[in-house]
Structures are given as structure tokens and as C-alpha cells.
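Taking it in order: structure first as C-alpha cells, then the write-up.
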Amino acid sequence: MANAGLQLLGFALACLGWIGFIVCIAIPQWKMSSFAGDAIITAQITYEGLWMSCVMQSTGQMQCKTYDSLLKLDSTMQATRALMICGILVGFFAMCIAAVGMKCLTCLQDDEVKKAKVGVVGGALFIVAGLCVLIATAWYGNKIAKDFYNVFTPTNSKYEFGPALFIGWAGAALAILGGALLCCSCPRRETSYPPPRGYNKSAPPAGKDYV
């Protein structure tokens with residue numbers, strides 16, 4: 001029963017992480033304009049995401065524009081997009097496979113060994129999805145940090161980490177943790193020993209005949 005509870009907890013955490021992936025890729029706040037200088041005009045805030053860039057006025061009005069061409073984007077942006085999409089797709093298949101291997105469902109109930117293996121496969125896919133998102137967000141964040149500390153970057157062109165990066169890191173951590181719990185919930189194989197051989201106690205011991 002405790003094993004089933006651990007499996008259910010891992011599945012719930014991994015699903016929350018997958019929802020975090022979708023929120024992370026959808027919102028444009030991957031990086032936001034920095035206020036690190038003295039002569040910075042704070043009348044507007046610029047956000048940039050994977051699909052669009054937005055400008056928020058001091059009145060609270062936000063205007064967004066999608067990127068015109070995929071070929072104009074740098075390699076970091078294209079790789080981040082690819083990794084995020086891969087993470088979401090792998091996470092979706094992991095969620096479907098792990099649901100089949102859940103002990104609280106009746107799928108594959110006749111074969112418990114196969115059901116446990118299916119659950120482990122789902123957990124491994126969740127870990128792969130979490131690693132894809134973790135690599136994508138860490139790569140993008142590393143580029144933001146390099147540009148921020150670059151002395152040749154103008155002060156009004158520097159950016160800081162946006163909320164989307166933190167959501168992506170949290171979602172990746174939940175997916176990896178949930179996938180690990182799903183893998184750990186697999187029951188251990190019991191070592192089977194051959195049955196002990198019986199001895200026939202009724203047979204009298206062989207004796208020698210004396211003449």
C-alpha cells in the first residue's frame with residue numbers, strides 16, 4: 001500500500017512539473033529589462049520570450065509582437081525552443097504511459113510485473129522530459145547572464161531573468177523528482193531458491209553381510 005502511495009505521489013509531482021513546462025513556454029517573460037543603471041527610464045518594461053516580445057507601459061498596458069522569421073533568431077533561441085517542445089512531448093507520452101502503470105488503475109491488472117515495468121518506463125520518460133527543460137532554461141539563463149556581465153553590452157540593453165525561467169526550473173525539478181519516485185516504486189524482485197531435496201528416512205541403511 002505504501003508503494004502505491006509513493007507511485008501516486010510521484011505521478012502527481014511529475015504532472016505538476018509538466019503543467020509548469022506548458023506555462024513556461026507560453027508566457028513571454030523569459031527575460032526582462034534590467035534597471036541596473038542610474039539613468040534608466042522606467043516608464044516601460046521590455047519582456048522577451050520564445051515566441052514574442054512585449055512592452056509594458058507604466059499604465060499597465062502591454063503590447064506584444066511575435067517574431068517575424070525563425071531564421072532571424074539566434075541559435076540559442078532555436079535550441080531552447082526545440083528542447084522545450086521535446087520536453088513537453090516526452091512528458092505527455094510519459095504521463096500516458098505512467099498512467100497505465102499506476103497500481104490504482106485496472107489496466108494490465110492481470111500481469112503485475114508488466115504493469116510495474118510500464119510504470120518505470122513512464123518515470124524514466126518524465127526524467128528525460130525534465131532534463132530537456134532543465135537544459136533549455138539553464139542554457140537560456142546562461143546567455144542572459146553572459147550578456148549582462150559583458151562590458152560591451154549597453155546598460156539600457158541588459159536583461160535579467162524573467163519569471164518563466166524560474167517556472168521552468170521548478171517544473172523540471174518536479175518532473176525529475178516525480179519520475180524518480182515512479183522508478184523507485186517498482187517492487188523488488190524476490191530471489192527464488194530451489195526447494196530443498198527430501199531424504200527417504202524409511203529406507204534402512206545398507207549393511208554388510210557376514211558369513
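Along the sequence shown, residues carry numbers from 1. Values in this document were obtained by computation on a predicted structure and should not be read as measured data.
- The distance from atom CZ of Phe126 to atom CG of Leu181, rounded to the nearest 0.5 Å, is 12.0 Å.
- In this structure, NZ on Lys143 lies 7.5 Å from CE on Met77, to the nearest 0.5 angstrom.
- Between the OG1 atom in Thr80 and the CG atom in Asp74 there is a gap of 8.0 Å [rounded to 0.5 Å].
- In this structure, the separation between CD on Gln7 and SG on Cys183 is 10.5 Å, given to the nearest 0.5 Å.
- Across all their heavy atoms, Ala99 and Phe11 have their closest contact at N-CE1, 3.9 Å.
- The heavy-atom pair separating Gly87 from Ala129 by the smallest distance is O-CB, 3.3 Å.
- Side-chain atoms of Phe161 and Trp169, non-hydrogen and from C-beta on, do get closer than 4.5 Å to each other.
- Hydrophobic cluster membership differs between Leu89 and Leu83, with clusters built from Ile, Leu, Val, Met, Phe, Trp and Tyr side chains linked at under 4.5 angstrom.
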Using atom types as modelled, flag every donor-acceptor pair under 3.5 Å from a side chain in residues 14-31 to any protein atom, sequence neighbours excluded.
from, atom 1, to, atom 2, distance (Å)
Trp18, NE1, Ile88, O, 2.9
Trp30, NE1, Cys24, O, 2.9
Lys31, NZ, Glu48, OE1, 3.4

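- Residues Tyr47 and Met52 are not in side-chain contact: their nearest non-hydrogen atoms beyond the backbone lie 4.5 Å or more apart.
- Taking both residues in full, the closest heavy atoms of Ile97 and Val121 are given as CG2-CG1, 4.2 Å, listed atom of the first, atom of the second, then distance.
- Nearest heavy atom pair, residue Gly122 against residue Ala94, reads O-CB, 3.5 Å.
- With hydrophobic clusters built from ILVMFWY side chains whose heavy atoms lie under 4.5 angstrom apart, Leu73 shares a cluster with Leu50.
- Glu160 contributes no side-chain N or O that, together with a main-chain N or O of Ser33, makes up a donor-acceptor pair within less than 3.5 Å.
- Side chains of Met95 and Leu125 form no contact here, defined as non-hydrogen atoms less than 4.5 Å apart.
- Hydrophobic clustering (ILVMFWY, side-chain heavy atoms < 4.5 Å, transitive): Ile135 and Ile144 are in distinct clusters.
- Here the side chains of Ile167 and Thr137 are not in contact, with every heavy-atom distance at 4.5 Å or above.
- The side-chain heavy atoms of Met32 and Thr46, taken from C-beta on, include no pair separated by under 4.5 Å.
- Two residues are said to be in side-chain contact when any heavy atoms from C-beta on lie closer than 4.5 Å; Leu182 and Val120 fail this criterion.
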Stepwise, does the disulfide (SG to SG under 2.5 Å) test hold for Cys86 with Cys132? CA-CA 7 Å; Cys86 288; Cys132 288; 5.9 Å; no

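- Separation of atoms CG (Leu134) and CD1 (Ile176) is listed at 5.5 Å; rounding is to 0.5 Å.
- Nearest heavy atoms, Met84 versus Val133: SD-CG1, 3.8 Å.
- Put simply, OG1 on Thr76 and OH on Tyr140 are 9.0 Å apart, with the number rounded to the nearest 0.5 Å.
- The hydrophobic clustering, which links ILVMFWY residues whose side-chain heavy atoms are closer than 4.5 Å, places Ile85 and Trp139 apart.
- You'll find the side chain of Lys158 stays beyond 4.5 Å of the side chain of Asp147, heavy atoms only.
- Counting heavy atoms from C-beta on, the side chains of Met62 and Val55 never come closer than 4.5 Å.
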